[in-house]
Number of protein chains: 2
Amino acid sequence: MLKNSEFIDKLRSSGLRPTKQRLKICEVLFNRDKTFHFTINDLAKNISEQLNEKISLATVYNTVHAFKNKGYLKEISINSDKSYFDTNITNHHHFFDEDSNELIDCDEDVIENLNIKKNITGKKINSVEVLIKVASDNQNQN
Amino acid sequence: MLKNSEFIDKLRSSGLRPTKQRLKICEVLFNRDKTFHFTINDLAKNISEQLNEKISLATVYNTVHAFKNKGYLKEISINSDKSYFDTNITNHHHFFDEDSNELIDCDEDVIENLNIKKNITGKKINSVEVLIKVASDNQNQN
DNA sequence: ATATAAATTATAATTATTCTAAACTGTTGA
DNA sequence: TCAACAGTTTAGAATAATTATAATTTATAT
Ligand SMILES: [Mn+2]
Ligand SMILES: [Mn+2]
Ligand SMILES: [Zn+2]
Ligand SMILES: [Zn+2]
């Protein structure tokens with residue numbers, strides 16, 4: 001559990017003013033035991049459940065993008081029409097459960113030896129992401 | 001170069017009526033030397049350039065989804081607000097050039113030994129996709 | 001040919017996201 | 001301390017991709 005003053009320092013040190021909206025969003029995002037994978041909608045719902053005054057949706061978007069640009073969040077590519085964000089900013093890969101639309105971190109030992117041996121000439125690699133889509137193993141009942 | 005009658009057979013054999021719209025779209029998609037990576041907008045533009053009568057955008061969407069469901073196209077996950085489709089339906093991976101927003105197939109020898117060693121209990125793996133985001137190697141001129 | 005189901009189409013609706021511009025707030029330094 | 005200024009929040013409008021609707025047209029089987 002991080003203290004409020006730690007969030008204030010973190011925000012200030014990256015040139016972001018510690019507003020009450022940003023501090024609340026920090027609390028929701030970063031005062032957790034486990035990685036949080038979320039859509040903007042997940043986050044907005046989570047905030048409104050915990051708060052009496054509301055934070056505008058525009059501010060949620062603004063803040064998430066600011067945090068992403070500062071490197072406090074990652075954005076994850078899913079074949080869907082909405083963006084997912086991730087509080088785990090280390091290099092790691094994901095399962096995506098197509099039944100529940102849930103992102104799940106891969107442990108280190110899931111993917112063996114991922115090694116990119118070639119690249120496009122004149123380009124640098126910005127990221128390498130593996131997405132493993134999974135779904136229920138049940139037979140279709142036709 | 002596939003013949004029109006081959007497209008007709010292919011469509012019929014998958015329970016799709018060979019309409020003139022679908023045949024034109026087949027021609028645009030599948031009469032190519034190389035893999036075609038496209039957005040709906042790319043495809044619609046490509047069609048209208050080659051055609052005097054126009055095909056409705058709704059039909060382009062309908063047809064692309066029908067072809068995807070029949071396994072003639074793959075949909076690729078990019079961190080963007082639009083979907084990409086791929087005429088290469090083999091298992092393969094991609095570079096994504098963030099300068100040009102272009103998808104590029106990885107050759108077999110780009111990724112070594114991709115091996116998924118664990119899975120979520122009770123789920124089956126539907127797909128494994130690697131996306132390598134690249135961009136220009138130039139220094140930022142500040 | 002006719003009946004029927006499938007497909008096409010224009011257009012409206014939906015949804016995620018971004019933009020706008022006015023009001024508000026945090027910070028700085030006189 | 002407090003005015004000035006830049007940074008932030010906000011409601012609401014705009015945008016853009018996609019999906020839904022429902023009327024018309026077309027393909028196919030009998
Ligand atoms: Mn989609
Ligand atoms: Mn969208
Ligand atoms: Zn993650
Ligand atoms: Zn491809």
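Checking K124(B) against N126(B) by side-chain atom types alone, a donor-acceptor pair falls below 3.5 Å.
Residue contacts shown for N62(A) include a base, since a base heavy atom lies under 4.0 Å away. Residue T19(A) is in sugar-phosphate contact alone, with no base atom involved, counting any heavy-atom pair closer than 4.0 Å across all strands shown. Nucleic acid contact class of S83(A) (heavy atoms, under 4.0 Å, all strands): sugar-phosphate only. Nucleic acid contact for K54(A): sugar-phosphate only, since backbone atoms but no base atoms lie under 4.0 Å from a heavy atom of the residue.
When each of L16(B) and F85(B) is assigned the nucleotide of DNA chain D bearing its nearest heavy atom, the one mapping closer to the 5' terminus is F85(B).
OP1 and OP2 of dT25(C) both lie 4.0 Å or more from every side-chain N or O belonging to Q21(A). Contact between the side-chain N/O atoms of R22(A) and the OP1/OP2 oxygens of dT8(D) is found at a separation under 4.0 Å. Taking side-chain N and O atoms only, T59(A) has a distance below 4.0 Å to OP1 or OP2 of dT10(D). Note on R12(B): a side-chain N or O is less than 4.0 Å away from OP1 or OP2 of dT28(D). Residue H65(A) places at least one side-chain N or O closer than 4.0 Å to OP1 or OP2 of dT18(C).
Looking at D107(A) and K118(B), no side-chain N of the basic residue comes within less than 4.0 Å of a carboxylate O on the acidic one, giving no salt bridge.
The listed nucleotides are dT28(D), dT18(D), dA16(C); the one nearest the side chain of P18(B) is dT28(D). Of all nucleotides listed (dT10(D), dT18(D), dG7(D)), dT18(D) comes nearest to the side chain of K82(B). Across dA10(C), dT27(C), dA16(C), the shortest atom-to-atom separation from the side chain of A58(B) is found for dA10(C).
Aromatic ring centroids of F96(A) and Y84(A) lie under 6.0 Å apart.
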